[in-house]
Amino acid sequence: MELVLDLIHKILNTYLPHISTTALIHFMPLYLFLKFLHFIFRSIFSENVAGKVVLITGASSGIGEHLAYEYAKRGARLVLAARRHRSLQQVADMAYWLGSPDVVPVHADVSKVEDCQRLIEEAINNFGRLDHLVINAAVTPLYMFEDLIEVTNAAPAMDINFWGAVYTTHFAIPHLKETKGKIVAITSSAGVLNAARISFYNASKAAMISFYETLRVELGTQIGITIVTPGLVESELTKGKFLTTEGKLEVNQVMRDVEMSVTPILPVQKCARAIVKSACRGDNYLTEPPWFRTLFVYRIFFPELLEWFQRWFLFPGRGQPPTEAPSKIILDVTGFKEYGYPKSVLSPHIKVD
């Protein structure tokens, strides 16, 4: 039996790569053409969300806030969730003013399973249905893994980013099946590119991508799933709001500059508009800005090159502070922040409540 199994593996190892490469070369053009036609069809018959019910987590700022505004402009009824009372109410008021016929703000912490269940119940109790579930709530730890003294201080990254998504999705699925609704999972390009100093954020977003890809297989056509992998987008994250090694949220724009350097930051309105369009088209994936997809190709074919570049670019010489990293020096010398960063992310002030 072992000899037969060994032979099977040897045959597969020898011939399958060649067969797969040949098939890829021959069928890729046809596949891309059919995919383009399908995109045109979905664009023409894009979903009208007027009157439909959309639930958005992490809606008090950043991408979540502006997704609320974009859905509101299309006439959707909204359930908005976040931990900050006043900020959430302000977003709800603006969404109503922009055209949403009904907006229900819900104070909730998605790291708590009971809050996630209550959140879905609020949507059903108020509107009797759920059409789009937008998973957006997230925090970003920023530090070297070896600098973490109390490892449990990193738990919020998984509790909020991953388990918050899982909990909310679990309670939403029966209701989304009834409406043939959609899940919009706001993950991150960091889930693919593995940037240094944000290991737990990378891991949580990679887990989200894997989870929703698997869920898409399990659910089939019952629920549409759009996985969004944004690059750097105008938000509290790009403003420098990070989770410290002590487990506290603080704004550190110096380390923001070291980490993000001369990567242009996309205005949040443009990103939110693209996400809502993509969800209504029924896309499987969206990367915004689109040029970030180029980095995914390098990640697949030249992983060693990307790892070497990160080590050179993001880290200073031995014994030097992070501000001496080439990433920070290049940013300061070029003055890139003045034209590559939106004005809002230059201010250290964030919403408190």
Side-chain angles (χ1 to χ4, degrees), residues 56-73 78 80-98 103 105 134 136-142 160-161 186-190 195 197-198 201 205 228-244 248-277 286-292 323 327-328 330-332 334-353:
I56 304 172
T57 66
S60 62
S61 67
I63 294 176
E65 173 184 353
H66 287 271
L67 285 173
Y69 299 157
E70 290 299 322
Y71 273 111
K73 292 173 185 176
L78 301 174
L80 306 179
R83 291 182 292 183
R84 292 177 286 195
H85 290 274
R86 187 182 304 170
S87 299
L88 185 63
Q89 186 60 57
Q90 290 172 348
V91 173
D93 292 342
M94 178 59 75
Y96 182 78
W97 184 81
L98 287 171
V103 185
V134 183
N136 175 71
V139 294
T140 309
L142 178 72
I160 295 172
N161 302 4
I186 313 299
T187 66
S188 172
S189 294
R197 293 194 184 93
I198 53 172
Y201 182 76
K205 293 302 184 178
V228 184
T229 50
L232 295 186
V233 178
E234 179 185 8
S235 66
E236 290 186 340
L237 188 161
T238 50
K239 185 171 274 198
K241 181 182 176 183
F242 301 114
L243 196 68
T244 68
K248 298 178 181 178
L249 286 169
E250 293 181 358
V251 176
N252 186 338
Q253 295 201 319
V254 173
M255 285 307 300
R256 182 274 312 272
D257 292 350
V258 172
E259 193 73 10
M260 299 179 187
S261 187
V262 290
T263 307
I265 297 174
L266 184 71
V268 67
Q269 295 92 339
K270 184 174 182 180
C271 180
R273 195 177 306 121
I275 290 172
V276 175
K277 282 184 179 179
L286 173 72
T287 300
E288 196 63 31
W291 66 263
F292 252 79
T323 51
S327 59
K328 183 69 164 68
I330 293 171
L331 179 66
D332 292 341
T334 60
F336 183 82
K337 279 198 295 188
E338 297 302 317
Y339 52 87
Y341 288 15
K343 288 184 179 179
S344 71
V345 304
L346 299 179
S347 166
H349 301 294
I350 61 171
K351 297 179 179 180
V352 178
D353 185 20

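Below, all heavy atoms of this structure are taken into account, side chains as well, without hydrogens, waters or symmetry copies.
Here the side chain of S327 pairs no donor or acceptor atom with the backbone of E259 at under 3.5 angstrom. The closest donor-acceptor contact from the side chain of T140 to the backbone of F242 lies at 3.5 Å or more, if one exists at all. Remark: the backbone N or O of V345 is paired with a side-chain donor or acceptor of Q253 at under 3.5 angstrom. Between the side chain of N136 and the backbone N or O of I186, no donor-acceptor pair lies under 3.5 Å. Distance alone, capped at 3.5 Å, places no donor-acceptor pair between the K328 side chain and the D257 backbone.
E234 and S344 share a side-chain donor-acceptor pair at under 3.5 Å.
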Evaluate the side-chain contact (heavy atoms from CB on, under 4.5 Å) criterion for residues R83 and I160: first the C-alpha distance (whole Å), next the side-chain angles of each, then the deciding distance (0.1 Å), finally the verdict.
CA-CA 11 Å; R83 291 182 292 183; I160 295 172; 3.8 Å; yes
Test side-chain contact (heavy atoms from CB on, under 4.5 Å) on T334 and V262; report intermediate values, then the result.
CA-CA 9 Å; T334 60; V262 290; 4.0 Å; yes
For side-chain contact (heavy atoms from CB on, under 4.5 Å), just list the numbers for V91 and Y69, CA-CA rounded to whole Å, side-chain angles, deciding distance to a tenth of an Å, and then say yes or no.
CA-CA 8 Å; V91 173; Y69 299 157; 3.8 Å; yes
List the steps, then state whether side-chain contact (heavy atoms from CB on, under 4.5 Å) holds for V276 with K73.
CA-CA 11 Å; V276 175; K73 292 173 185 176; over 6 Å; no
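The heavy-atom pair separating W291 from P264 by the smallest distance is CZ2-CG, 3.9 Å. Nearest approach of I56 to L67, heavy atoms of both residues: CD1-C, 3.9 Å. Smallest separation of non-hydrogen atoms from K239 and P348: CD-C, 4.4 Å. When all heavy atoms of L78 and A95 are compared, the pair lying nearest together is CD1-CB, 3.8 Å. The shortest non-hydrogen separation linking L266 to C271 is CD2-CB, 3.8 Å. V228 approaches T187 most closely through the heavy-atom pair O-OG1, 2.6 Å.
The distance from atom CD1 of I198 to atom CG of L243, rounded to the nearest 0.5 Å, is 12.5 Å. In this structure, the separation between CD1 on I265 and OG on S235 is 8.0 Å, given to the nearest 0.5 Å. Here the NZ atom belonging to K241 is positioned 14.5 Å from the CZ atom belonging to R256, to the nearest 0.5 angstrom. Expressed to the nearest 0.5 Å, how far OH of Y341 lies from CG of L331 amounts to 4.5 Å. Between the NZ atom of K205 and the OG1 atom of T229 there is a distance of 11.0 Å, given to the nearest 0.5 Å. Rounding to the nearest 0.5 Å gives a distance of 5.0 Å between CZ of R273 and CD of E70.
In this structure, the side chains of V233 and E288 stay at 4.5 Å or more apart for every pair of heavy atoms.
The only option from R84, E65, K351 that meets the side chain to side chain donor-acceptor pair (under 3.5 Å) definition with S60 turns out to be R84.
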